Peer 1: 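One structure follows; several queries about it will come next.
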Amino acid sequence: MSVTGTAHPGGHQSDRADVELRLPADSAYASVLRTTAAGLAARLDFTIDDIEDLRIAVGEANAMVLPEADPGSDLNCRFYLAPGTLTIAVSVSSLGAAAPDRDSFAWQVLTTLATSATAESVDDQFVVTMTMHSSIAGVGL
């Protein structure tokens, strides 16, 4: 597991994430991903309800990407922080033609809880990206 962070409070104007997390692509590490997301959301002053919604949405994103992961690969997660906003991209290496199942329960929950969400296959990676905004106006770093 590795975690790196930057002092880039402006969010995702560049491709460099503020925080990156790499874990084995195994459901046993889902709690680490949810806890990291919750901690970053707390840093952005998200409410308790917002944080719980985020934890659930991240769990569903994880549930979508893990079945597509190549054996022995890593789950990569990039966090982009901006005042009142957290964007999370969860990805796995997937040599197969992974396509998001937009009829799945995981996708329905994710799109209900997140402000916006996408799922796509790009360059042998299956990526689920979600953005969540704090329900408190004017919060920031």
Side-chain angles (χ1 to χ4, degrees), residues 1-70 72-141:
M1 172 175 59
S2 67
V3 178
T4 58
T6 67
H8 185 257
H12 54 94
Q13 287 83 13
S14 73
D15 288 336
R16 184 169 180 181
D18 294 297
V19 176
E20 294 184 33
L21 179 64
R22 181 178 45 84
L23 302 163
D26 185 316
S27 62
Y29 294 92
S31 64
V32 175
L33 183 57
R34 288 191 307 267
T35 301
T36 301
L40 293 171
R43 181 176 181 268
L44 293 171
D45 294 327
F46 277 43
T47 67
I48 298 294
D49 289 338
D50 291 340
I51 292 170
E52 189 55 34
D53 287 349
L54 176 67
R55 288 175 55 84
I56 294 167
V58 166
E60 297 304 330
N62 193 47
M64 288 180 67
V65 301
L66 284 181
E68 305 301 332
D70 293 335
S73 65
D74 292 328
L75 180 133
N76 295 295
C77 191
R78 293 176 158 203
F79 299 88
Y80 302 90
L81 288 67
T85 303
L86 181 57
T87 298
I88 303 169
V90 181
S91 65
V92 293
S93 174
S94 179
L95 296 177
D101 180 1
R102 289 184 167 57
D103 293 326
S104 71
F105 180 75
W107 181 252
Q108 298 303 317
V109 171
L110 176 62
T111 56
T112 298
L113 296 174
T115 305
S116 65
T118 62
E120 59 189 343
S121 287
V122 179
D123 299 328
D124 296 331
Q125 296 282 312
F126 183 59
V127 184
V128 174
T129 304
M130 74 187 87
T131 298
M132 298 197 63
H133 298 292
S134 172
S135 61
I136 299 174
V139 299
L141 291 171

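Counting from 1, the numbers follow the sequence of the chain as shown. Computed from a predicted model, the values in this text were never measured in an experiment. All values below were derived from every heavy atom in this structure, side-chain atoms included, with hydrogens, water molecules and symmetry-related copies excluded.
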Peer 1: Indicate the atoms forming the closest heavy-atom contact of Tyr29 with Leu23, along with that distance.
Peer 2: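 Closest heavy-atom pair between Tyr29 and Leu23: O-CD1, 3.9 Å.
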Peer 1: For Asp70, check side-chain hydrogen bond (donor to acceptor under 3.5 Å, both in side chains) against everything at least two apart and list the hits.
Peer 2: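 side-chain hydrogen bond (donor to acceptor under 3.5 Å, both in side chains) check on Asp70 returns Ser93.
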Peer 1: Rounded to the nearest 0.5 Å, what's the gap from CG on Asp18 to CZ on Arg43? Could you check?
Peer 2: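 The CZ atom of Arg43 is 8.0 Å from CG of Asp18, to the nearest 0.5 Å.
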Peer 1: Just verifying a value: how many Å separate Ser104 OG and Leu110 CG, rounded to the nearest 0.5 Å?
Peer 2: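 CG of Leu110 is found 8.5 Å from OG of Ser104.
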Peer 1: Filter on side chain to side chain donor-acceptor pair (under 3.5 Å), then keep only pairs touching residues 106-119, sequence neighbours left out; what's left?
Peer 2: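 Listed by first then second residue: nothing to list.
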Peer 1: From Glu120 CD over to Gln125 CD, what is the distance, rounded to the nearest 0.5 angstrom?
Peer 2: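 Going from CD on Glu120 over to CD on Gln125, the span is 11.0 Å.
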Peer 1: Return the minimal non-hydrogen interatomic distance between Ala89 and Thr129, and the atom names on each side.
Peer 2: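 Minimum heavy-atom contact is CB-OG1, 3.7 Å.
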Peer 1: Any donor-acceptor pair under 3.5 Å linking the side chain of Asp26 with the backbone of Ala28?
Peer 2: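 Here the side-chain-to-backbone pair exists.
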Peer 1: Which heavy-atom pair separates Asp45 from Ile136 by the least distance, and what is that distance?
Peer 2: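 Where Asp45 meets Ile136 most closely, the heavy atoms are O-CD1, 3.8 Å.
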Peer 1: If you round to the nearest 0.5 Å, how far is OG1 of Thr36 from CD of Glu20?
Peer 2: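 Result: 13.0 Å between the selected atoms.
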Peer 1: Can you find a pair of side-chain heavy atoms, one from Leu40 and one from Val19, that are under 4.5 Å apart?
Peer 2: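 With C-beta onward as the side chain, the pair touches.
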Peer 1: Tell me if a side-chain donor or acceptor on Thr85 pairs with a main-chain N or O of Ala82 at a distance below 3.5 Å.
Peer 2: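 Judged by distance alone, no pair lies under 3.5 Å.
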Peer 1: Check Ile88 against Ala37 and note the closest heavy-atom contact, atom names and distance.
Peer 2: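 Closest approach of Ile88 to Ala37, heavy atoms only: CD1-CB, 4.1 Å.
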Peer 1: Pairs of donor and acceptor atoms involving the side chains of residues 49-57, under 3.5 Å and at least two apart or interchain, shall be tabulated with distances.
Peer 2:
from, atom 1, to, atom 2, distance (Å)
Asp50, OD1, Thr47, OG1, 3.4
Asp50, OD1, Ser135, OG, 3.3
Asp50, OD2, Thr47, N, 3.4
Asp50, OD2, Thr47, OG1, 3.1
Asp50, OD2, Ser135, N, 2.7
Asp50, OD2, Ser135, OG, 3.0

Peer 1: What closest approach, in Å, do Glu68 and Phe126 show between heavy atoms, and which atom pair accounts for it?
Peer 2: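 So the minimum-distance heavy-atom pair works out to CG-CD2, 3.8 Å.
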Peer 1: I'd like to know if the side chain of Asp101 reaches the main chain of Asp103, judged simply by a donor and an acceptor atom lying under 3.5 Å from each other, with no hydrogens or angles considered.
Peer 2: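 Between the backbone of Asp103 and the side chain of Asp101 there is a qualifying donor-acceptor contact (under 3.5 Å).
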Peer 1: Could you report the tightest heavy-atom contact between Met130 and Ala61, atom names first, then the distance?
Peer 2: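 Answer, listing the atom of Met130 first, then Ala61: CE-CB, 3.4 Å.
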Peer 1: Nearest 0.5 Å, what's the CE-CG distance between Met64 and Asn62?
Peer 2: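 Going from CE on Met64 over to CG on Asn62, the span is 11.0 Å.
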Peer 1: Side chains of Leu86 and Leu81, heavy atoms from C-beta outward: is any pair under 4.5 Å?
Peer 2: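 In contact.
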